Amino acid sequence: MGSLETERTTTGWAARDPSGVLSPYTYTLRSTGPEDVFVKVMCCGICHTDLHQAKNDLGMSNYPMVPGHEVVGEVLEVGSDVSKFRVGDIVGVGCIVGCCRNCRPCDSDNEQYCLKKIWSYNDVYTDGKPTQGGFAGSMVVDQKFVVNIPEGMAPEQVAPLLCAGVTVYSPLNHFGLMGSGLRGGILGLGGVGHMGVKIAKAMGHHVTVISSSDKKKVEALEHLGADDYLVSSDAEGMQKAADSLDYIIDTVPVFHPLEPYLSLLKLDGKLILTGVINTPLQFVTPMVMLGRKSITGSFIGSMKETEEMLNFCKEKNLTSMIEVVKMDYINTAMERLEKNDVRYRFVVDVAGSKLDQ
């Protein structure tokens with residue numbers, strides 16, 4: 001059990017302004033305590049939220065900012081009160097690194113909804129220091145917000161599960177949509193959407209991918225195993241599919257109309273929003289009323305759900321489809337992500353990159 005009482009420095013790649021361009025940045029890791037885990041970052045997925053935050057799309061970015069919240073790494077040292085982890089363990093860190101621990105969400109294992117939650121980056125920790133994410137050599141994280149990666153799962157495959165995977169798993173779990181035989185829709189086939197297809201299929205659902213074009217049709221049906229593919233601009237196809245789905249997981253992170261998708265839902269169907277959108281969405285109320293349909297949202301998942309999801313993916317042999325890049329490619333990767341030019345998630349090989357150049 002090593003001591004974590006001294007501060008360390010690490011190098012990450014940070015955005016300095018709303019241009020979102022990342023470059024090397026050396027900083028001091030926050031003061032560490034007895035419940036903390038010191039993690040050497042092995043790899044980190046790139047999420048669309050990283051793009052939003054780096055470019056201040058949500059109007060709340062603080063710089064310098066080291067993004068990254070799909071982190072897999074190796075435990076190098078643990079605090080004296082850490083019971084869940086040992087040196088050498090392969091672990092994951094997601095979107096959140098702190099919460100108040102005494103509110104209703106925290107008391108019910110829904111700490112992702114705590115009003116005082118602390119984000120993995122672009123936030124301030126309890127010691128007053130900025131939090132920085134996984135596009136860096138190392139992190140110090142409270143053991144509550146660290147998960148063990150099941151043995152045999154490849155780190156680079158696991159990274160996207162820590163955000164994209166649990167973002168899909170959590171609403172299916174919470175809304176009682178895990179039983180086989182359900183008919184589900186996945187709107188948008190990006191990082192979250194492709195995991196939505198895989199997880200829903202593994203639960204025994206009939207899965208329809210809904211997209212704005214037919215560009216990804218072959219991939220959706222042949223590579224990901226979707227049952228049907230709908231192009232949202234195909235009026236005839238959308239009409240035929242009306243009143244056919246128990247739920248739709250809407251992963252689209254930009255403005256889009258909701259009414260075309262509400263029409264696809266059965267009685268009591270749910271449209272579950274998971275994409276971060278900074279402009280108001282709209283719909284006419286009869287689309288919801290005449291079918292007792294719900295528009296709801298879901299945000300990542302709890303630490304408990306993250307552990308459950310990882311075990312589910314291990315049991316079902318589910319992996320993410322990724323493109324592994326080095327850190328010096330990060331800005332190009334972010335540009336490509338903005339254009340949806342990735343199948344389906346970039347993962348940065350942090351440990352195999354030179355971070356200081």
Side-chain angles (χ1 to χ4, degrees), residues 43-52 67-72 92 94-95 134-135 153-172 184-203 205 207-232 248-254 256 272-276 298 300-301 306 309-310 312-313 316-326 329-330 332-349:
C43 56
C44 184
I46 306 178
C47 173
H48 209 278
T49 302
D50 297 325
L51 197 58
H52 280 312
H69 61 228
E70 298 179 341
V71 187
V72 177
C95 299
F135 297 170
M153 297 184 82
E156 66 276 10
Q157 292 286 351
V158 170
L161 301 180
L162 298 169
C163 173
V166 77
T167 292
V168 173
Y169 182 91
S170 178
L172 293 176
I186 304 294
L187 177 54
L189 197 58
V192 177
H194 96 285
M195 285 313 306
V197 175
K198 289 189 163 206
I199 289 173
K201 282 298 296 178
M203 290 177 178
H205 298 183
V207 178
T208 299
V209 169
I210 311 159
S211 189
S212 58
S213 76
D214 61 4
K215 284 184 198 168
K216 299 179 182 177
K217 183 173 183 177
V218 172
E219 295 166 47
L221 298 176
E222 296 184 9
H223 300 164
L224 297 176
D227 299 287
D228 279 319
Y229 191 94
L230 267 178
V231 178
S232 53
I248 296 172
I249 295 182
D250 182 346
T251 74
V252 177
V254 294
H256 56 287
I272 304 165
L273 305 176
T274 64
V276 177
S298 183
I300 53 169
T306 302
M309 177 273 306
L310 288 172
F312 177 84
C313 289
K316 301 291 186 179
N317 197 28
L318 299 184
T319 57
S320 47
M321 293 177 69
I322 59 172
E323 181 177 336
V324 178
V325 300
K326 301 293 188 187
Y329 189 79
I330 189 84
T332 304
M334 296 279 257
E335 288 172 12
R336 285 179 54 194
L337 175 60
E338 196 163 24
K339 299 172 187 168
N340 295 317
D341 177 24
V342 57
R343 300 293 187 272
Y344 284 93
R345 200 67 147 191
F346 284 115
V347 175
V348 183
D349 173 14

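On a predicted model such as this, the values are computed, not experimentally measured, just so you know.
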key: side-chain contact (heavy atoms from CB on, under 4.5 Å) between Lys316 and Lys198, intermediate numbers included   = CA-CA 10 Å; Lys316 301 291 186 179; Lys198 289 189 163 206; over 6 Å; no
So [Y] and [X], do their side chains get closer than 4.5 Å, heavy atoms only?
X: Ile249; Y: Thr167; value: no
X: Arg345; Y: Glu70; value: yes
X: Val276; Y: Pro253; value: no
X: Ile300; Y: Cys163; value: yes
X: Met321; Y: Glu219; value: no

Value rounded to 0.5 Å, distance of [atom1] in [X] from [atom2] in [Y]:
X: Lys201; Y: Leu318; atom1: NZ; atom2: CG; result: 12.0 Å
X: Ile46; Y: His69; atom1: CD1; atom2: NE2; result: 11.0 Å
X: Glu323; Y: Tyr329; atom1: CD; atom2: OH; result: 6.0 Å
X: Leu187; Y: Ile272; atom1: CG; atom2: CD1; result: 12.0 Å
X: His52; Y: Glu338; atom1: NE2; atom2: CD; result: 9.5 Å
X: Met203; Y: Ile199; atom1: CE; atom2: CD1; result: 6.5 Å

Return the minimal non-hydrogen interatomic distance between [X] and [Y], and the atom names on each side.
X: Lys216; Y: Leu189; value: NZ-O, 2.9 Å
X: Ser298; Y: Pro171; value: OG-CD, 3.5 Å
X: Ala200; Y: Val207; value: CB-CG2, 3.6 Å
X: Val209; Y: Ala220; value: CG2-CB, 4.0 Å
X: Tyr229; Y: Ser213; value: OH-O, 2.7 Å
X: Thr251; Y: Gly188; value: OG1-O, 3.2 Å

Is [X] reaching over with its side chain to a backbone N or O of [Y], donor-acceptor style, under 3.5 angstrom?
X: Asp227; Y: Thr208; result: no
X: His256; Y: Val254; result: yes
X: His194; Y: Gly191; result: yes
X: Ser211; Y: Val231; result: no
X: Gln157; Y: Ser320; result: yes

ask   = For the side-chain contact (heavy atoms from CB on, under 4.5 Å) test, which of Leu221, Ile186, Val168 pairs with Val197?
value =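 Among Leu221, Ile186, Val168, the one that satisfies the side-chain contact (heavy atoms from CB on, under 4.5 Å) with Val197 is Ile186.
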request  = Specify whether Tyr169 and Phe312 have parallel, tilted or perpendicular ring planes, treating 30° as the upper limit for parallel and 60° as the lower limit for perpendicular.
outcome  =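 Tyr169 and Phe312: tilted rings.
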side-chain contact (heavy atoms from CB on, under 4.5 Å) evaluation trace for Thr306 with Leu162 = CA-CA 7 Å; Thr306 302; Leu162 298 169; 4.0 Å; yes
ask   = Which is it for Met153 and Leu161 under the side-chain contact (heavy atoms from CB on, under 4.5 Å) test, yes or no, and what are the steps along the way?
value = CA-CA 11 Å; Met153 297 184 82; Leu161 301 180; 3.9 Å; yes
query = Between Asp349 and Glu156, is a side-chain contact (heavy atoms from CB on, under 4.5 Å) present by the stated rule, with each step listed?
reply = CA-CA 8 Å; Asp349 173 14; Glu156 66 276 10; over 6 Å; no
